Amino acid sequence: MSSDHYSLFSLLRESLRGHAGWKPAWRKASPQLAYDVIIVGGGGHGLATAYYLARRYGIQRVAVLEKGWIGGGNVGRNTTIVRSNYLLPGNTPFYECSMKLWEGLEQDINYNAMVSQRGVLNLFHNDAQRNAYIRRGNAMRLNGVDAELLNIEAVRNKVPFLNFDNARFPIQGGLLQRRGGTVRHDAVAWGYARAADRLGVDIIENCEVTGITIQNGIATGVETTRGKITAGKIGLACAGNSSLVAAMAGLRLPIESHVLQAFVTEGLKPFIDCVTTFGAGHFYISQSDKGGLVFGGDIDGYNSYAQRGNLPVVEDVIEGGMALMPRIGRVRLLRQWGGIMDMSMDGSPIIDHTSVGGLYLNAGWCYGGFKATPASGLCFAHLLARDEPHEVARDYRLDRFGRGAVIDEKGVGAQPNLH
Amino acid sequence: MHGILNAFSSASQSSERKTSRLSGNGIDTTKTLCFSFDGHNYTGHPGDTLASALLANGVRLVGRSFKYHRPRGILSAGPEEPNALVELRGGARREPNSRATVTELYDGLISTSQNRWPNLAFDALGINGMMSPVFTAGFYYKTFMWPASFWEKFYEPVIRRAAGLGRAADEADPDHYEKNNAFCDVLVIGSGPAGLSSALAAAESGARVILCEQDSLLGGRLRAENIQIDNHPGWQWAEDIVSHLRNMSNVRIMTRSCVFGRYDGGTYGVVERVSDHLAEPLPGQPRQRLWRIIAKQGIVATGGIERPIVFPNNDRPGIMLAGAVRTYINRFGVTPGQQAVVYVNNDDGLRTVSDLLAAGARIAAVVDSRAQPSSQAKTIIQQTGAPLFFGARIADTSGYRGVKMAIIRDNKGKNHRIACDLIAVSGGWNPDIALTTHDGGRPVYNETLATFVPALDSEDLHVAGVAAGTMTTAEALREGAQVGQRAAAQCGFREPSTPPVATPAVDQDETYGVVAQWHALDKESSQRAGKAFIDFQNDVTAKDTKLAAREGFISVEHLKRYTTLGMATDQGKTANVNALALLAEVTQQSIPQTGTTRVRPPTQPVALGALGGPHRGKHFKPYRLPPTHQWAVEQGAVFTANGLWLRAQWYPRSNETSWEETVNREVKTVRNAVGFCDVTTLGKIDIQGPDAATFLERVYVNAWQKLPIGRARYGLMLREDGFAFDDGTTARLGENHYVMTTTTANAGPVMQHLEFCHQWLWPEMNVQFISVTDEWAQIAVAGPKARDVLRQIVDPAFDLSNEAFGYMAAASVTICGGQTARLFRLSFSGELAYELAVPARYGDALAKLLMRVGQSYGIAPYGTEALGVMRIEKGHPAGPELNGQTTAHDLGMGRILSKKKDFIGKTMAARPALTDPSRPTLVGLRPLSPTLPLVSGSHLLPKGKPATACFDQGWISSSAWSPTLKSWIALGFLAHGPERHGEIIAVHNPLAGTITEAEIVSPVFVDPEGTRLHA
Amino acid sequence: MRLTCPHCGARALEEFTYRGDATLRRPAEDAPHQAWVDYVYLRDDPAGYHSELWYHGVGCRAWLVVIRNTLTHQIKSVSSAVASPAPNKSDS
Amino acid sequence: MPETLAAHPAVTPPLITASGLSLTLTPTRETISIGPFAGCLASLNTALGITLPETFATTIAADGVVYSRAAHDQWFATAPEGTGLMSRLEASCMKLAALTNQTDSRVTLSLKGIGARAITSKIVPIDLHPDFFGPGHTALTLAGHIPIILTCSNADTAYDFTVFRSFAQSLHHDILVAMNGGIPNSERV
């Protein structure tokens, strides 16, 4: 007898018999000749798309093609933060949709991804920042999203060990989203993979797409390192490699690929309860359940596919960390890493069909794709199934750049390294 | 199985036993240092590490493991240590997770064990060991899901409290850190035989060499081994070479300096522990120093890390790496046990037998997993008479707080129970290749050496010695010299005609002869077999690997992430290769097929303080001080940060009780008399050249060709995507000479933009730019009496009358009897106003002068807050309006976009979404009840509509109490705004729970006709 | 990463500001709308050699054309933007 | 008529010592930036009677004016105050180059003493080895986070930090902290 439903009961039962009954989390599927939908990219977004296609839209002849191991891209190397504290009308409903999906995710997919709604606190340090956060917080509230404005005393109560008294840019307060928090990133990929697998989706690892077959302007299949596969529809969810895969179909995208570094310290007893972002430097931080301080800052700021960054940004981020939290000076950095960000030209994502028939694009997530995983999967699945945008992703169109309907939260224009 | 009962039964036993100290090449036994561990006082010697001193004092139990809280001792003698982690020092200097093996002993050192409660000997969470059948790899992914709300409230807090290791300090780190930059031709990393010989060879070639050693002493394994070079003990040979190097002017030697990362362009990150070997740093001295070393060539001579062997209960205190045992004996004069079992799969580990005997220990057994004894093994056994089990393995051990017995399974399958207090284990050596992979390079598997060696494809990186898979001292010395010469040659230094020094002779035969034995487990391990640890700190066992594989986590990255293998503070330095081998066995692949995980910086954990550096607290970022700063301080001004600038926000008087009162007074002073404000921070760019006017036409949306000399004009710049970028006034000072002002925030970006336009887009234009922001102290003098005040200052030859010097005039003038100055008739406040610029050094004096001559007119300085109030009263857009998301049309300036010329942003500004008439456009707002605040960031919804996003029509960008109008006023952006003046709208601020009604009005609240401006 | 500024010599990254693709050419004012959209928004984003603009802002204030491999960060060339002829995509 | 305006120092104190080194605010020199107009460089050199340096090193003209490169296409001319540098330059090359007064834009802090190179290396990320950065060499670079023009006035023992006036006090603080941190053991001084 095998245990396939995860629960305390099945765990205890298996612990009495050496855990011999667990089935693989997902089958090691081999490619079939044809599918209704092929998703290129076995990251969080691709796996979530496959899951929702099967689960909500009844399309089960789905393959997820992954060139390496699933969850090896940004879903496996991010700072695990989830939040829906966006300003612009094109974004807020989408990220709130994602937040709601996070809130029910574990029961939905029967996998503990440790969705931890410990709060996300954005600090502000001057009146202009405060006003911008009030505007944002109010936009969230008008969209039915939780948001609270904390004054300095409230911040002190919540995170008492910040540098309040000896700061170059003194903390004035913060915008708090209590429902924001963190999620165990790898578990998201594995949980979606397992749930999709159980619905019949083929998750095919070590299968790199090398070409997209286009006949009469219609994409009909892909060439892979494991052979040709035909498909009714092809969805690209390739994150940092979006430009390269799109180029196989002759497309140029409003995207540059940049490197973002992130960091983790040695494990420590818990002392940071909520995700905290510094408003006067490039630094945000949370503490994982294992005890490591997980933090990051700004992108390095140049095009890169190298999955590693450079020392100046390391120093800049940690300098910010020390300015905000001087008690971490003797805590040690354990590991730094770098991922490829599909930085779009306005800092917001794209979920749309392309100019090639049957070819759909999910890209441009910048450094914020993790929190979007469930809604991205749902909306991409909706688009693939219905050929029309999901209502919360209506503004994520490719033609918005031509029309000028950009969604530029930071207001820095068509300069990806500034978003 | 050891659980809570065992813990009780042995809690009263003391395992501490002081051993007599031998001589060691790295310690000074003539001096004694006092230290404490868990409240007990001990002594050690200069040169000791905390680990060697604890061992010398007979302390074996040093820590608890992460998950099962198993008792742990000291495994290694280096930075790879997974077990012996302590909290060092205390209070604000508390350092969690400090590896005892690399902590230098100092007098008064205080250390405490961690991750245990209530104490180390009895740890209540040892019960986790009993729960281990449940607490398998990834168990948490399968449970704790119901009910959903219990995760944050219950499960997670429990897990978080149990997890983690040491405690971060509760207070700000009191120590100072600094950074440093160094450059060299050849950077040699590691000072063992390969490192020293390569440093010597490179230096003799004439190259600039930096030799970095993480340890406090140079010599590497030469200090750990009993080996003779050129008839001297190896460590003495090393000291001779070091003395020689120290006498060379082209060599820098850095000790206590760990090269933690290799970055692009030959950049190496190095952290130097300047004063960690002291109780606290000397005054001014940094605790640590971050070095950025730029090297044309790098030589990795980092040696190797010894592998444990995976066998049941292989984690007990007293089970140590064989190489570490030799280090403790030879360098530190400590014998880690008196009755030893030596367990090896290679000849190198057998050195331990002789070293232990020489140190007075007894060899209880030698276990050699190789099927046949090597000649080295035979020799050693002959010389020592120790019982040798070949083709054997250790099947289990016992002893809760320290190993007491090894169960040896001989080559016939028979168990031998051998009492011991030390098991020295060598599973072979892994080259320490981390630095060779930071650029993404992947190592290759070498079957003969049963490990991964670097596969270098780099012109600027070399490897020598054990790090390169060269396992004997003699070969390492030879290879080091070759590599050192090659690296120097790459930098253009010719190889010397004769080798710089004859290759030294190693006076003994060294063999390695490793035969892989990754684990000593039965094929089908029974449920009851003891845990066999791969990753000690994270408690990952061989069983966990099998379970992960069964669940499909067979990619090495999945295995790592699912089991947390290699993710502890030691990053799996002693675990990773064993884990790969076990995974390969489970998945029936070869080790190369299994692959490796990616090694990332840092090679060793680095204190955040060191990476952050000296810019802390109030010096996190530099200050820019305007020329009147000191004067403003003397006036008691309150300051605000404006980017890097520090600006006077308001100037309180002693009788004023609130900042509002002060700001209102300052505004009234300007509106009714005269005030002044330092506006130096606005960017000022000097623009000269025959094409200057044409250039301005291209970067501004409006026309510039016809601006007369001596006049200024407002200009708006767009980005190429059509959105507003920056604004300011530009004055024409001469035929081909302009001075542009920018906003304070965009001074740098605008300069960059102009240079871009000039150098990249239109290099044919003949124009020059230079910043004059710092050159001029520029002070706004504003108010009905401004002209009267200026008449006291500006030399009388200059006609200040409105007719001669009207609004938007600009001129070079002299003041105070000949002092050069510039005068502009500009107004941000809407009053009769000037900006007077003097060379920056005179700004302070000008402020004082204005106070004196203006006294009779009621002059007062005003700060940025009053400035902001007055610009809102006049409806001038500033930062909150120019937020990068607004267009010229949004700002009410659509009509100034020239149709007659091309300019940056022109085409894209014409896109439909940017010209949509329903875009929120600048309006003014006044609350129906004047004293009800309008809060910036509030949203604008039609009166009576529900507070939901679908009715959201705009927002407030700036607001203030207007002392002039005695009402709150605001600027905001509202759909169809300009057509709606007079309408009442609801101002929603859900964050504060308020809805305020306001009238939509023109954004110009004060003097819309501009009468005062032109007075 | 270090860039060898043709005026100042080899310098660390923190002295420079990145702009992006140096193969783009600003269209004429009356160019088709799509040419403008392509110029402002679309990028080749190659994995391999990339011709790109950097600004030596704290140094000599020169805009530079850098040819750099986005997979390895290796720098092939750095030249002054003023002096750079329009880079030919095919040779980069 | 009001009195003459008094100059205010950009940095206090004007002289400070630590770890055996001194940090001094040097007397202001009249500084004019020279930005040659297109195609005028050769005529400009003729008019000035020198060759404006192509490298980052100072050139001293016969009349004592010191020329140094200040940007990819700009130079600084400096002379003691009161010697009428701007008038002289205007007379000789007004049509050939943009001339802009920069005298008050920057101030110069001079670090002197044994180990000055070691201290400077802590905050300046360029190679200061005398073989590459000897007396008369200048560099536009950073000191910590602050843009500076660094000049070597004596190999190993004297460096001048020329900095925008508004940054001067911050730079002064940063150099002083570096001085107080002492000379690293691995330095040869």
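Only a predicted model underlies this, so the values are computations on that prediction, with no experimental measurement involved. Every chain is numbered from 1, with letters handed out A, B, ... down the list of sequences.
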S.K.: Could you look at B:Pro880 and say if it's the side chain, the backbone, both or neither that has a heavy atom under 4.5 Å from chain A?
M.R.: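 Interface part for B:Pro880: neither.
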S.K.: Where does A:Asp127 contact chain B at under 4.5 Å (heavy atoms): side chain, backbone, both or neither?
M.R.: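 The side chain, not the backbone.
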S.K.: In terms of heavy-atom proximity below 4.5 Å to chain B, should A:Leu311 be classed as side chain, backbone, both, or neither?
M.R.: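 Answer is both: backbone and side chain atoms of A:Leu311 are under 4.5 Å from chain B.
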S.K.: Would you mind checking which part of A:Leu268 comes under 4.5 Å of any heavy atom in chain B, side chain (CB onward), backbone (N, CA, C, O), both or neither?
M.R.: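 Both parts, backbone and side chain.
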S.K.: Ring of B:Tyr140, cation from A:Arg184 - is the NZ or CZ under 6.0 Å from the centre and inside 45° of the axis?
M.R.: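 Output no; distance or angle outside limits.
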S.K.: If we count only N and O atoms by modelled type, under 3.5 Å, do the side chains of B:His939 and B:Asp952 hold a donor and an acceptor together?
M.R.: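 Per modelled atom types, B:His939 and B:Asp952 side chains form a pair under 3.5 Å.
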S.K.: Is it the backbone or the side chain of B:Arg89 that comes under 4.5 Å from a heavy atom of chain A, or both, or neither?
M.R.: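 For B:Arg89, side-chain heavy atoms alone lie under 4.5 Å from chain A.
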S.K.: For a side-chain hydrogen bond (donor to acceptor under 3.5 Å, both in side chains) check, start with the C-alpha distance between B:Trp151 and A:Glu106, then their side-chain angles and the critical distance, and finish with the verdict.
M.R.: CA-CA 11 Å; B:Trp151 177 253; A:Glu106 293 155 316; 5.8 Å; no
S.K.: At a heavy-atom separation under 4.5 Å, does B:Leu991 approach chain A through its side chain, its backbone, both, or neither?
M.R.: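 Both backbone and side chain.
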S.K.: With a 4.5 angstrom heavy-atom cut-off, could you sort out which part of B:Ala548 is near chain A: side chain, backbone, both or neither?
M.R.: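 Contact with chain A involves no heavy atom of B:Ala548 at all.
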S.K.: Tell me, side chain or backbone of B:Glu865 under 4.5 Å from chain A's heavy atoms, or both, or neither?
M.R.: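 Contact with chain A is through the side chain of B:Glu865 alone.
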S.K.: Distance to the ring centre below 6.0 angstrom and angle to the axis at most 45 degrees; does that hold for A:Arg168 and B:Phe620?
M.R.: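 No cation-pi geometry.
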S.K.: What part of A:Asn163 lies closer than 4.5 angstrom to a heavy atom of chain B: side chain, backbone, both or neither?
M.R.: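 Interface part for A:Asn163: side chain.
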S.K.: Of all residues at least two apart in sequence or in a different chain, which pass the side chain to side chain donor-acceptor pair (under 3.5 Å) check with B:Lys560?
M.R.: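 Once residues adjacent in sequence are excluded, B:Lys560 has no partner under the side chain to side chain donor-acceptor pair (under 3.5 Å) criterion.
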S.K.: Checking B:Ala909 against chain A: side chain, backbone, both or neither under 4.5 Å from a heavy atom?
M.R.: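 Looking at B:Ala909, nothing touches chain A.
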S.K.: Suppose we screen for salt bridge (Lys or Arg N to Asp or Glu O under 4.0 Å). Which residues come up paired with A:Glu148, at least two apart in sequence or across chains?
M.R.: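 Applying salt bridge (Lys or Arg N to Asp or Glu O under 4.0 Å) to A:Glu148 gives A:Arg178.
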S.K.: Given a strict heavy-atom distance threshold of 4.5 Å, which part of A:Gln415 is in contact with chain B: side chain, backbone, both, or neither?
M.R.: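 For A:Gln415, no heavy atom lies under 4.5 Å from chain B.
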S.K.: If I measure from the heavy atoms of chain A, does B:Phe723 come under 4.5 Å with its side chain, its backbone, both, or neither?
M.R.: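 It is the side chain, since no backbone atom gets that close.
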S.K.: What orientation do B:His558 and A:Trp190 show, parallel under 30°, tilted 30 to 60°, or perpendicular over 60°?
M.R.: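 Answer is perpendicular, since the angle exceeds 60°.
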S.K.: Under 4.5 Å heavy-atom distance to chain B, tell me which part of A:Ala132 shows up: side chain, backbone, both or neither.
M.R.: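 For A:Ala132, there is no contact with chain B at all, as no heavy atom is under 4.5 Å.
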S.K.: Under a 3.5 Å threshold, yes or no: a donor from one side chain and an acceptor from the other, between B:Ser98 and A:Arg332?
M.R.: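 Yes, A:Arg332 and B:Ser98 have a side-chain donor paired with an acceptor closer than 3.5 Å.
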S.K.: Could you look at B:Phe553 and say if it's the side chain, the backbone, both or neither that has a heavy atom under 4.5 Å from chain A?
M.R.: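 Contact with chain A is through the side chain of B:Phe553 alone.
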S.K.: Is A:Thr265 in contact with chain B via its backbone, its side chain, both, or neither, using a 4.5 Å heavy-atom distance?
M.R.: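 Only the side chain of A:Thr265 comes within 4.5 Å of chain B.
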S.K.: For B:Asn642, is it the side chain, the backbone, both, or neither that has a heavy atom closer than 4.5 Å to a heavy atom of chain A?
M.R.: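 The answer is neither part of B:Asn642.
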S.K.: Using non-hydrogen atoms and a 4.5 Å limit, figure out which bit of B:Asp916 sits close to chain A: side chain, backbone, both or neither.
M.R.: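 The answer is neither part of B:Asp916.
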